[in-house]
Amino acid sequence: MASKQQSREELDEKARQGETVVPGGTGGKSVEAQEHLAEGRSKGGQTRREQLGHEGYQEMGHKGGETRKEQLGHEGYQEMGQKGGLKGGETRKEQLGHEGYQEMGHKGGETRKEQLGHEGYKEMGRKGGLSTKDKSGGERAEEEGIEIDESKFTSK
């Protein structure tokens, strides 16, 4: 038991110095704080996945990868993708860990919501919800006579 306590104290010290000692616990100043952050982030990611469904959640992760591509530039992104033969998104997931990657996707959705505002984000979701494998949401909306106000999509 003494060694477990000593180990936890060492981890606490690292956390106080700003090191992430619990995957998904980035920002916590103690082991306990990082554990709580990781748990909350994981639950938040699970909730978001349930809200969006499997395909929507994958698309959100893809958009996070596109954002990263813009940040790194074409060459930097290619280099990242060549690491171990993994795709860029998988490499980023490996870098951030599962919870961190989920958090990145969540932040992308939140950023877009802030850009569009509540009504725009809601309207965009209505259109996206109509899309199928074969037809875009816009095509389905037109076919079924559903009004989609794309003027609400503009960034604030």
Side-chain angles (χ1 to χ4, degrees), residues 15 18-156:
E19 191 175 326
T20 301
V21 295
V22 176
T26 305
K29 298 298 177 191
S30 69
V31 175
E32 185 177 7
Q34 288 190 15
E35 288 169 344
H36 287 292
L37 283 168
E39 184 180 347
R41 288 172 178 151
S42 178
K43 285 182 181 176
Q46 294 296 327
T47 300
R48 192 69 180 130
R49 185 166 59 210
E50 289 168 12
Q51 290 169 342
L52 295 175
H54 181 71
E55 288 82 7
Y57 198 68
Q58 278 189 320
E59 178 67 16
M60 186 175 67
H62 173 76
K63 287 180 181 176
E66 290 297 317
T67 300
R68 188 66 177 147
K69 186 177 184 178
E70 289 173 18
Q71 292 169 342
L72 294 174
H74 181 70
E75 288 179 19
Y77 193 71
Q78 273 190 323
E79 185 179 319
M80 181 181 80
Q82 290 170 357
K83 178 188 175 229
L86 296 175
K87 293 183 178 177
E90 290 177 19
T91 300
R92 190 66 179 141
K93 188 174 186 179
E94 190 179 274
Q95 291 169 340
L96 296 174
H98 181 70
E99 291 86 359
Y101 195 67
Q102 282 185 322
E103 182 184 356
M104 181 179 74
H106 174 75
K107 284 183 178 176
E110 289 299 311
T111 299
R112 192 65 180 139
K113 188 174 184 178
E114 287 171 17
Q115 290 170 341
L116 295 176
H118 179 72
E119 288 299 315
Y121 195 69
K122 192 170 144 183
E123 198 73 6
M124 185 180 70
R126 284 184 61 221
K127 183 176 180 181
L130 293 169
S131 67
T132 65
K133 230 177 176 180
D134 302 320
K135 295 182 183 171
S136 73
E139 291 170 326
R140 287 258 338 270
E142 192 176 313
E143 280 178 5
E144 297 184 24
I146 298 170
E147 286 278 325
I148 301 290
D149 185 357
E150 292 191 10
S151 69
K152 294 180 180 177
F153 290 9
T154 59
S155 297
K156 289 185 170 186

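Because the structure is a prediction, the values reported are computed rather than measured.
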Practice problem: Mind checking the CD1-CZ spacing from I146 to R140? Nearest 0.5 Å is all I need. | Solution: 7.0 Å

Without placing hydrogens or testing angles, list every side-chain donor-acceptor pair under 3.5 Å for residues 40-47, not counting sequence neighbours.
unit_1, atom_1, unit_2, atom_2, d
R41, NE, E103, OE1, 3.3
R41, NH1, G24, O, 2.7
R41, NH1, T26, O, 3.0
R41, NH2, T26, O, 3.1
K43, NZ, E39, OE2, 3.0
Q46, OE1, R49, NH2, 2.5
T47, OG1, K43, O, 3.0

Exercise. To the nearest 0.5 angstrom, please state how far the OG atom of S136 sits from the CD atom of E142.
Key: 9.0 Å

Self-check item: Listed partners of E35 passing salt bridge (Lys or Arg N to Asp or Glu O under 4.0 Å), at least two apart
Solution: R8

Practice problem: State, to 0.1 Å, how close G28 and A33 come at their nearest heavy-atom pair, and which atoms those are. | Solution: CA-CB, 4.1 Å

Quiz item: Around atom CD of E147, are there more than 12 heavy atoms of other residues, nucleotides or ligands at under 6.0 Å?
Solution: no

Quiz item: What are the two closest non-hydrogen atoms of P23 and A38, and how far apart are they?
Solution: O-CB, 3.3 Å

Quiz item: At what distance, to the nearest 0.5 angstrom, does CE of M60 lie from CZ of R112?
Solution: 14.5 Å

Quiz item: Rounded to the nearest 0.5 Å, how far apart are NZ of K122 and CG of D149?
Solution: 12.5 Å

Quiz item: Taking all atoms of both residues into account, what is the closest heavy-atom pair of Q34 and A15, and its distance?
Solution: NE2-CB, 3.6 Å

Exercise. Give, for atom CD of E123 and atom NE2 of H118, the distance between the pair rounded to the nearest 0.5 Å.
Key: 11.0 Å

Self-check item: H62 side chain reached by Q58 side chain, heavy atoms, under 4.5 Å
Solution: no

Self-check item: Considering all heavy atoms, the nearest A141-I148 contact
Solution: CB-CG1, 3.7 Å

Quiz item: Which heavy atom in V22 sits nearest to a heavy atom in T20, and how many Å separate them?
Solution: O-CG2, 3.2 Å

Practice problem: Calculate, to the nearest 0.5 Å, the distance between atoms CG and CD belonging to L116 and E119 respectively. | Solution: 11.5 Å

